[in-house]
Number of protein chains: 2
Amino acid sequence: MEAVQDLPPGSGPGLRTKSQLQRRRRILQAAAALASRGGVEAMQMRTVAERAGVALGTLYRYFPSKMDLVVAVVGEELDMLESSIARRPPAAHTPDGRAVDVLMRATRGLMREPELADALIRALILADVELPFGDRMAGLLLRVAGLPEVRADEEQAILAASLGAVWVQELLEMLRGRRTYEDIQHRIEIAASRLLADFPA
Amino acid sequence: MEAVQDLPPGSGPGLRTKSQLQRRRRILQAAAALASRGGVEAMQMRTVAERAGVALGTLYRYFPSKMDLVVAVVGEELDMLESSIARRPPAAHTPDGRAVDVLMRATRGLMREPELADALIRALILADVELPFGDRMAGLLLRVAGLPEVRADEEQAILAASLGAVWVQELLEMLRGRRTYEDIQHRIEIAASRLLADFPA
DNA sequence: ACACTTACTAGAATCCGTTCTAACTTCGGT
DNA sequence: ACCGAAGTTAGAACGGATTCTAGTAAGTGT
């Protein structure tokens, strides 16, 4: 008896078997591929399902809504950013320099697939996501600024999150065609120099 | 000849006649009323049209998409904020104090109709709006900080816009139920004190 | 008043996210 | 090898934004 009826809300099926992991991977891959072409519009649930070789109902079992799917795709991108940073940590000598470095690296990554980036960022902002982008980015910024979360005080956490917020908005403006990469860099540098001014070197 | 076939993209029909202005007003009013109840979901195009007493096609002639409608509603709210500020300017003695004052006043205004606020903010972020919220808010912040746009240099404009960006993100967090009014005030104060630190008193 | 362009109306039609159904498979336990 | 639960499938069905169509009203120039 004791049936485990309810799936862990965020994650679809239990993903016990190997074929389920593969299905999940195929879905994410199909979704990212479609979005990197035509943006959100091209990433239609029917199309994703078809391209991943699963039934529509199955797609919805793995990702209860389109937003969940988008969030998962973004999560993968963030993983990649984090591991890229672990591989080659930012070299600047000041905390704000390192933060700018990370943000601009992320910006370049997103610019490589503008349609995907557009789809992802917008969907994220819309989403009622529980494990959000913002927090993860803020944590990352704190870390490269030299303050592992434990050592940061509340004020520093707020400042790092604020810098993340500025970056997200600039990204949106870029997606709307109103900023170039250089604009963003310039603006982020200015904001970072103020927000992170009194972080310990 | 010389037919003016194309409507000015943002604004729907030419709005030449009085009855067209009234129709537009009725539509905006219906939209705001519906949204302030049940949020975006309640603000359905059919319902708005019905409640405004126009045909669905006409609604779409005035506002080519739901987003355009939302943007127009937001515009009206911003007008109200600006006139409220003109009536009772912020009293704090420092530029950042005045900026915080304005932002928190706007926050309270939005909190009064949380469903509406939610609908509006999200739609705004999604929208490819040409006349954006962000710029208008940044201009307003510069003004209350004591720098009419003409006197502000580029760096100050960027810092004001950054503060606006931080505020928008905090607002989103509030709509997600992850911030209280007091949280926002605290966080905005911290960000403003850094971002506007060297504005002339 | 007349002709004609433009605006409006009612309603059907389309598109896409999401939900539902009924039958078919796969898997773990026995 | 067999049973029942959980996973999968193809496809229909539903809901809301958006588009389309045919016909009616309103406004403008002559």
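Keep in mind the model is a prediction, meaning the values are calculated, not measured. Residue numbers start from 1 in every chain, and the chains themselves are labelled A, B, ... in the order their sequence lines are given, proteins ahead of strands.
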Checklist entry - Out of C/dT18, C/dC8, D/dT8, which has the shortest distance to the side chain of A/R23? => result D/dT8

Next on the checklist: Rounded to the nearest 0.5 Å, what separates atom CD1 in A/I188 from atom CZ in A/R179?
Outcome noted: 10.0 Å

Checklist entry - Among D/dT18, D/dG7, C/dT9, which nucleotide sits nearest the side chain of B/Y60? => result D/dT18

Checklist entry - So does B/T58 get a side-chain nitrogen or oxygen closer than 4.0 Å to the phosphate oxygens (OP1/OP2) of C/dT9? => result yes

Next on the checklist: Would you compute the distance between atom CE of A/M45 and atom CZ of A/F63 and round it to the nearest 0.5 angstrom?
Outcome noted: 8.5 Å

Item to check | From CA spacing to verdict: side-chain contact (heavy atoms from CB on, under 4.5 Å), A/E170, A/T107 | outcome: CA-CA 10 Å; A/E170 293 295 332; A/T107 306; over 6 Å; no

Checklist entry - Quick one: do the A/Q185 and A/E189 side chains pair a donor with an acceptor below 3.5 Å? => result yes

Checklist entry - So what does B/S19 hit on the nucleic acid, given a heavy-atom distance under 4.0 Å: a base, only sugar-phosphate, or nothing? => result nothing

Checklist entry - Between B/R105 and B/S84, is any side-chain donor less than 3.5 angstrom from a side-chain acceptor? => result yes

Item to check | Whole-Å distance separating the CD1 atom of B/I27 from the P atom of C/dA7 | outcome: 14 Å

Next on the checklist: With side-chain contact (heavy atoms from CB on, under 4.5 Å) as the test, pick out the partner of B/R136 among B/L78, B/L141, B/L81, B/V74.
Outcome noted: B/L78

Next on the checklist: Taking only side-chain N and O atoms of A/Y62, does any of them lie within less than 4.0 angstrom of OP1 or OP2 on D/dG7?
Outcome noted: no

Checklist outcome for this item: Between CG of A/L59 and P of C/dC16 the distance, given in whole Å, is 16 Å

Item to check | Terminal helix-axis angle for the helix from C/dA1-D/dT30 to C/dT30-D/dA1, with five pairs defining each axis and rounding to 10 degrees | outcome: 20°

Checklist entry - With nearest nucleotides of DNA chain C determined for B/L56 and B/G53 from heavy-atom distances, which residue corresponds to the more 5′ nucleotide? => result B/G53

Item to check | Whole-Å distance separating the CE atom of A/M43 from the P atom of C/dC16 | outcome: 15 Å

Next on the checklist: Testing the basics here: between A/P148 and A/R143, what is the closest heavy-atom pair and its distance to 0.1 Å?
Outcome noted: CA-CG, 4.4 Å

Item to check | Nearest-angstrom distance from the residue atom CZ of A/R61 to P of D/dA10 | outcome: 15 Å

Checklist entry - How many Å lie between CE on B/M45 and P on D/dG15, as a whole number? => result 20 Å

Checklist outcome for this item: Testing C/dT18, C/dT9, C/dC16 for proximity to the side chain of A/K66, the answer is C/dT18

Next on the checklist: Just the rounded figure in Å: distance from P of C/dC16 to CD of A/E41.
Outcome noted: 10 Å

Next on the checklist: So B/R46, base contact, sugar-phosphate only, or nothing? Heavy-atom distance under 4.0 Å.
Outcome noted: base

Next on the checklist: Could you tell me how far apart A/R24 (CZ) and D/dT8 (C1') are, to the nearest whole angstrom?
Outcome noted: 18 Å

Item to check | Whole-Å distance separating the CD atom of A/Q20 from the P atom of D/dT9 | outcome: 11 Å

